[in-house]
Number of protein chains: 2
Amino acid sequence: MPSLRTAQVARLAGVNVETLRFYEREGILPEPPRRASGYRDYPPETVSRIRFIKRAQELGFSLKEIKELLDLTTAPRAKSGRVRQMAEAKLAEIEHKIHDLEAMKQTLMDLVCGCDGRRPLAACPIIESLSGCPRSGETQTGTS
Amino acid sequence: MPSLRTAQVARLAGVNVETLRFYEREGILPEPPRRASGYRDYPPETVSRIRFIKRAQELGFSLKEIKELLDLTTAPRAKSGRVRQMAEAKLAEIEHKIHDLEAMKQTLMDLVCGCDGRRPLAACPIIESLSGCPRSGETQTGTS
DNA sequence: CTTGACTCCGTACTATGGTACTGAGTTAAT
DNA sequence: ATTAACTCAGTACCATAGTACGGAGTCAAG
């Protein structure tokens, strides 16, 4: 039964040793059993759990969300409904981000097109656009 | 000469009073003159400077980048070349983000399509995909 | 003159995802 | 037995963009 020590798990999973302790503190990795000396004795599945975390991060899930996903997988009689729900919510979030970025991109493209990079700054359309008066009253954020 | 006090500037610019002090500490707002009492006496242009900051943030510039933009506008004999360069770099960055998000979106869409939300978790393709070995049947849409 | 609103400064705290450091104890090999 | 490498816990720190708080001083109106 090849239980692993911290550095082994870290190396196999491709993360820093400190990251393991961080995940444990955050409750995303369960506390492993200890030897008499206090050293952690990780079960080998820990490595795949960390890889799960890393793959989910690549899909844009936060550690908090990944924790929920992982907690679901150990819940008795769990159905995949919640998982699908989270994936759909994340999908909507990603689409929203893409939308925002597209808007930024379009604005920046327009600005770059109008700027030849040769004029003095006073005539730079980018600076001008950033400096100009806002389209219409976007002044208030609530008076507390 | 209508010099403004902190709360007035904050209200006109739509930001928190603390934010003004934060910007000043960060060097993105110049230190205003003070009254004998120590109170800040903001010139009215401060308001448009903050609105510049807010608009640039909406375009995805960080405070550090905005500081550079603002420093450029006060540099003597400045040409708009650097501004254009920064806008182009930001554009490339935004395009890269969009690309990454599109990949995430595609992967998540594939996963969601395969999950009916009715099965037990053990049969959920989303969990399965996250748990599986990286190289086998993974829904791989381009870059990571 | 008193009251309430405003302002000052320094510091601590929020969230996110880790990284780095210290000083002590443990393990494994020679 | 010595020594190098590893591990422990706790804490501080990185960047980002602010927000909150406490105690003291100031300003304007009544």
Side-chain angles (χ1 to χ4, degrees), chain A residues 2-29 31-42 46 49-70 90 93-94 97 100 141-144, chain B residues 2-29 31-42 46 49-70 90 93-94 97 100:
Chain A
S3 65
L4 302 167
R5 290 202 312 194
T6 317
Q8 268 131 31
V9 173
R11 188 172 36 75
L12 289 170
V15 299
N16 197 309
V17 168
E18 312 288 334
T19 305
L20 293 184
R21 301 207 324 108
F22 172 69
Y23 283 174
E24 187 177 322
R25 279 201 301 281
E26 296 295 303
I28 195 163
L29 273 188
E31 293 183 30
R34 304 292 187 114
R35 297 186 186 181
S37 62
Y39 280 28
R40 289 171 180 81
D41 238 354
Y42 284 105
T46 307
R49 193 176 173 99
I50 294 163
R51 292 212 268 242
F52 179 106
I53 295 166
K54 288 298 164 188
R55 274 192 297 277
Q57 277 187 321
E58 279 168 26
L59 288 179
F61 289 94
S62 69
L63 286 184
K64 197 175 159 192
E65 289 162 338
I66 295 167
K67 178 166 160 40
E68 188 180 348
L69 243 19
L70 283 164
K90 188 52 62 178
E93 203 180 291
I94 287 171
K97 273 186 196 160
D100 285 356
T141 318
T143 39
S144 33
Chain B
S3 64
L4 302 168
R5 291 203 311 194
T6 316
Q8 268 131 30
V9 172
R11 188 173 35 75
L12 288 170
V15 298
N16 197 309
V17 167
E18 313 288 334
T19 305
L20 293 184
R21 302 206 323 109
F22 172 69
Y23 283 174
E24 187 177 321
R25 279 201 301 281
E26 296 295 304
I28 195 163
L29 273 188
E31 292 184 31
R34 303 292 186 115
R35 297 187 185 181
S37 63
Y39 280 28
R40 289 173 180 80
D41 237 353
Y42 285 106
T46 307
R49 193 177 174 99
I50 294 163
R51 293 212 269 239
F52 180 107
I53 295 166
K54 288 299 165 189
R55 274 192 296 278
Q57 278 186 321
E58 280 169 25
L59 288 179
F61 288 94
S62 68
L63 286 185
K64 197 176 159 190
E65 289 162 338
I66 295 166
K67 178 166 161 36
E68 188 180 347
L69 243 20
L70 283 164
K90 188 52 62 177
E93 204 181 290
I94 288 171
K97 274 186 196 159
D100 285 356

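In the text below, chain A, chain B and the rest are named by the order of the sequence lines, each starting its count at 1.
Residues from residues 32-41 of chain B lying near DNA chain C, meaning a heavy-atom separation below 4.0 Å, are B:R34, B:G38, B:Y39, B:R40 in numerical order.
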Letter by letter from the 5' end, nucleotides 18-23 of chain D scores (B base, S sugar-phosphate only, - none; protein heavy atoms under 4.0 Å) BBBB--
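Per the geometry, CG belonging to B:L20 stands 14 Å off C1' belonging to C:dC6, to the nearest Å. Distance CD (B:E65) to P (D:dA15): 15 Å, rounded to an integer number of Å. Between the CG atom of A:L29 and the C1' atom of C:dG17 there is a distance of 14 Å, given to the nearest Å. The distance from atom CD of B:Q8 to atom P of C:dC6 is 10 Å, rounded to the nearest whole Å. The separation between B:R11 atom CZ and C:dA5 atom C1' is 14 Å, rounded to whole Å. As rounded to whole Å, 11 Å separates atom P of C:dT7 from atom CG of B:L4. Note: NZ (A:K64) to C1' (C:dT14) measures 13 Å, nearest angstrom.
Shown here for B:Y42 and B:R5, the closest heavy-atom pair between the two residues is CD1-C, 4.2 Å. When all heavy atoms of A:K54 and A:Y23 are compared, the pair lying nearest together is NZ-OH, 3.1 Å. Between A:I66 and A:I53, the shortest heavy-atom distance links the atoms CD1-O, 3.6 Å. The two residues B:R49 and B:I28 come nearest to each other via the heavy atoms NE-O, 3.2 Å. When all heavy atoms of B:A10 and B:L20 are compared, the pair lying nearest together is N-CD1, 3.9 Å.
For residues 59-68 of chain B, the pairs satisfying side-chain hydrogen bond (donor to acceptor under 3.5 Å, both in side chains) are B:S62-B:E65, B:E65-B:K90, B:K67-B:D71, B:E68-B:R82, with sequence neighbours left out.
DNA chain C is contacted by both A:R5 and B:A7; B:A7 maps to the nucleotide lying nearer its 5′ end (nearest heavy atom per residue).
A heavy-atom distance below 4.5 Å is found between the side chains of B:R34 and B:R40.
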Given B:L4 and B:T46, is the side chain to side chain contact (heavy atoms under 4.5 Å, CB included) satisfied, shown in steps?
-> CA-CA 9 Å; B:L4 302 168; B:T46 307; over 6 Å; no
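Phosphate proximity of D:dC8 to A:T6: present, with a side-chain N or O under 4.0 Å from OP1 or OP2.
A donor-acceptor pair under 3.5 Å is absent between the side-chain atoms of A:R51 and the main chain of A:G14, judged by distance alone.
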